[in-house]
There are 4 protein chains.
Amino acid sequence: MNNNQLKTLIERIERLEKEKADIASDIKEIYAEAKSNGFDVKIMRKVVANRKKDEKALAEEKTLINTYEAALGPLATTPLGQAAIKKAKNAE
Amino acid sequence: MNNNQLKTLIERIERLEKEKADIASDIKEIYAEAKSNGFDVKIMRKVVANRKKDEKALAEEKTLINTYEAALGPLATTPLGQAAIKKAKNAE
Amino acid sequence: MNNNQLKTLIERIERLEKEKADIASDIKEIYAEAKSNGFDVKIMRKVVANRKKDEKALAEEKTLINTYEAALGPLATTPLGQAAIKKAKNAE
Amino acid sequence: MNNNQLKTLIERIERLEKEKADIASDIKEIYAEAKSNGFDVKIMRKVVANRKKDEKALAEEKTLINTYEAALGPLATTPLGQAAIKKAKNAE
DNA sequence: ACTGAAGGCTGCCCGC
DNA sequence: GCGGGCAGCCTTCAGT
C-alpha cells in the first residue's frame, strides 16, 4: 500500500469537506438574514426544494418514458402502445 | 413584502447550493479514484469520519459501546449470535 | 400476458411491503422506548449493527482501519487534526 | 444502567429485524416467480414504486397547500391569495 | 432540550 | 465483478 498516496487522497477529501461545510454555513446565514427581514424560512425552503424537484422531474419523466417505450418494444407502434406513451407524457 | 429582495435571497441560496453539490461530486470522484488505486473506500470513509470527531469523543463512544455489549452478555447466548457463529464456521 | 396473474403478484408484493413497513415502524417505537428509558439510541444501533457481522469480519475491519490510520501518520500533523485538538482543549 | 432491560430491548429489535429480513426475502421470491412467468421485473418494480408515490403525493400536496395557506394568512381571502392557492391545488 | 420532518449519504441488490 | 438504481439510516433544521 502506498502511504503517501492514501494520505494525499484523504487530505484532498478533508479539504473539500471543509469547503462544503463552509458553504452550508453560508446558506444558513442567508436564511437567518431572510428571517430577520420578515420572510418565512420554512416557505422559502419549500420553494427552493420545489424548484430543484421541478428541474429533476423533466429528466426523470424522460427516463420513465424511455423505460416504457423499451418495454413495449414493437408495441410502441400500435395504437394501444402509443396511447400508453401519450399518457405517460401527459404526466409531464 | 419586497419581491426583489426575496428573489435575490433565493438566487444566492441556489447559487451556493450548486457549489455545494459540485463539491460533493468532487468528493465522490476522489473516492472513485481511490478505489481504482486499490484502496478500500468503505474503510476510508470510516477513517475520515473518525478523524472528524476529536479523540475524547471517540474514546467515550468506544467505552459506551463496550458497556452496552457487556450488558448483553456473551454473543453466543443469543439466537442471532449463534446464527452468526454458524455462518462464520461455514465460511471456513 | 396474463393480467390477472400480474395483478395477483403485485397485490402479494404490496401486502408484504406493508408488513415490512409496519415492522420497521415497530422497531422505531422500540428505539423510542429505549430512549425514554435513558439509553443512547445511536450506540444501540451501532451495537446491533456489530452483532450482525460475524466476529471475523469485525476483526478484519478493525485491522484495516488501523492500517489506514497508521499510513496517515499522527493526527497532530494535519490541519484538521490540529483543529480537532484545539477544539478538545477548549472544551476542557 | 439496567442490563436486563437493555438486553430485552435489543432482543426485541433483533427479532423484528429478522422478521423484516424474512419478508424482504419473500418479496424477492415473488419477483423471481414473476420473472419465471415471463413478466418484466424491472417494470413491475417501477409500477409498485409509482403506486406508492401516488399515494404519498396526495398527502404531500395537502401539506404544501396548508403551509402556503398558513403563510398567506388573512391574504388567503384576497383574490391574489386565492389565485396562489388555486395554482398550488392545480398541481395535484 | 426534544421532536418531527427533510435531505444527503451509505449499503444492498440487481442487471450487465 | 462492476456500476447503477433504490431503500434505509443518519444528520441537520425549524418548532415547541
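Letters A, B, ... are given to chains in the order of the sequence lines, protein chains preceding strands, and every chain is numbered from 1.
- Atom CG of A:Asn50 is separated from atom P of E:dG7 by 9 Å (rounded to the nearest Å).
- Listed nucleotides: E:dA6, E:dG7, F:dG8. Nearest to the side chain of A:Lys52: E:dG7.
- Residue A:Tyr31 contributes atom OH, which lies 11 Å from atom C1' of F:dC13 at whole-angstrom precision.
- As a whole-Å value, the separation of B:Glu17 CD from F:dC13 P is 12 Å.
- Listed pair D:Lys42 / F:dG4 fails the phosphate criterion, with no side-chain N or O lying under 4.0 Å from OP1 or OP2.
- At F:dC2, none of the side-chain N or O atoms of B:Lys35 fall inside 4.0 Å of OP1 or OP2 (strictly under the cut-off).
- Computed from coordinates, the C:Lys20 NZ to F:dC9 C1' distance equals 13 Å when rounded to whole Å.
- In this structure, the side chain of C:Thr8 engages the main chain of C:Asn4 through a donor-acceptor pair within 3.5 Å.
- Atom CD of C:Glu61 and atom C1' of E:dT10 are 13 Å apart (whole Å).
- In this structure, D:Ala49 reaches neither bases nor backbone, as no heavy-atom distance under 4.0 Å exists between it and the strands shown.
- For the salt bridge (Lys or Arg N to Asp or Glu O under 4.0 Å) with B:Glu14, the qualifying choice from A:Lys52, A:Arg45, A:Arg51 is A:Arg51, the only one to do so.
- Side chain of D:Asn37 to backbone of D:Phe39: no donor-acceptor contact under 3.5 angstrom is found.
- Dashed line: the shortest gap from a side-chain N or O of B:Lys46 to OP1 or OP2 of E:dT10 is not under 4.0 Å.
- A straight line from CD1 of A:Ile43 to C1' of E:dA6 spans 15 Å, rounded to a whole angstrom.
- Note: CD (D:Glu29) to P (E:dC13) measures 14 Å, nearest angstrom.
- For the pair A:Glu19/A:Arg15, a side-chain contact is recorded, criterion being any heavy-atom separation below 4.5 Å from C-beta on.
- Considering only side-chain N and O atoms, A:Arg45 lies under 4.0 angstrom from the phosphate OP1 or OP2 of F:dA14.
- Rounded to whole angstrom, the span from the CE atom of D:Met44 across to the P atom of E:dC14 amounts to 14 Å.
- Side-chain contact between B:Met44 and A:Leu6 is present, with at least one heavy-atom pair separated by less than 4.5 Å.
- Listed nucleotides F:dC10, F:dC13, F:dG8 differ in distance to A:Lys28; the shortest reach to its side chain belongs to F:dC13.
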